Novice: 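Take a look at this one; I'll ask things after.
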Amino acid sequence: MPRAHPLAQRDLIDWDDLDGETIMMVPGGDSPIVAALRDEIKANHPGISIVASPTHYDITTFNACEQAGYLLPTYSVWADAHPSLATVPVDWPWRMPYGLVYSKHPSDAMAAFAQAIAQTREASA
């Protein structure tokens with residue numbers, strides 16, 4: 001959300017805080033978690049408006065949110081992706097998985113890297 005937004009100074013946001021807000025989300029069909037969040041908003045939170053982002057999140061999306069005052073569900077690791085946006089956690093059950101995105105036919109180096117990540121993950125489980 002824009003750093004000047006009234007919720008930007010909060011430590012945690014809940015559903016009541018989002019009443020009257022507009023949330024920008026990727027178009028449907030990209031993520032089951034985003035689809036579930038969208039369904040929850042439409043079914044149970046009529047005071048929250050949803051607008052579709054033009055594409056996947058990029059600088060254009062971040063700029064649009066900052067200029068229009070929209071909220072944008074993102075990963076916490078993106079907290080510093082845009083200097084005019086603030087990231088505040090929301091008290092809801094959805095957590096976006098985070099992982100590697102690479103070609104279906106990766107180079108040998110990429111395949112080895114992905115395998116090393118998988119082994120590290122397995123070892124920590």
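Note that this is a predicted model, so its numbers are computed, not measured.
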Novice: How far does CE of M25 sit from OG1 of T74, to the nearest 0.5 angstrom?
Specialist: 12.0 Å
Novice: Applying side-chain contact (heavy atoms from CB on, under 4.5 Å) between L37 and each of P32, P73, P93, report the one that passes.
Specialist: P73
Novice: Check the surroundings of atom CG in D108: do more than 12 heavy atoms from other residues, nucleotides or ligands lie under 6.0 Å from it?
Specialist: no
Novice: Is W15 close to N44 at the side-chain level, that is, under 4.5 Å between some pair of heavy atoms?
Specialist: no
Novice: So L72 and M1, do their side chains get closer than 4.5 Å, heavy atoms only?
Specialist: no
Novice: Locate the shortest heavy-atom distance separating P2 from G69; write the atom from each residue and the value.
Specialist: CG-CA, 3.7 Å
Novice: Would you find a donor on one side and an acceptor on the other, under 3.5 Å apart, between the side chain of R3 and the backbone of E66?
Specialist: no
Novice: Does the side chain of I23 reach to within under 4.5 Å of the side chain of I41, using non-hydrogen atoms?
Specialist: yes
Novice: Determine whether a donor-acceptor pair (N or O, by modelled atom type, separation under 3.5 Å) exists between the side chain of H5 and the backbone of L7.
Specialist: yes
Novice: What is the minimum heavy-atom distance between A81 and F62, and which atoms define it?
Specialist: CB-CE1, 3.9 Å
Novice: Tell me the closest heavy-atom pair linking S53 and T61, and the distance in Å.
Specialist: CB-CG2, 3.9 Å
Novice: Closest approach of R10 and I13, non-hydrogen atoms and distance?
Specialist: CB-CG1, 4.5 Å
Novice: Can you check side-chain contact (heavy atoms from CB on, under 4.5 Å) on L71 and L18, steps first, answer last?
Specialist: CA-CA 9 Å; L71 307 185; L18 298 174; 3.4 Å; yes
Novice: Can you pull out every side-chain hydrogen bond (donor to acceptor under 3.5 Å, both in side chains) where at least one residue sits in residues 82-92? Sequence neighbours excluded, please.
Specialist: N63-H82
Novice: Rounded to the nearest 0.5 Å, how far does OH of Y57 lie from CE of M24?
Specialist: 8.5 Å
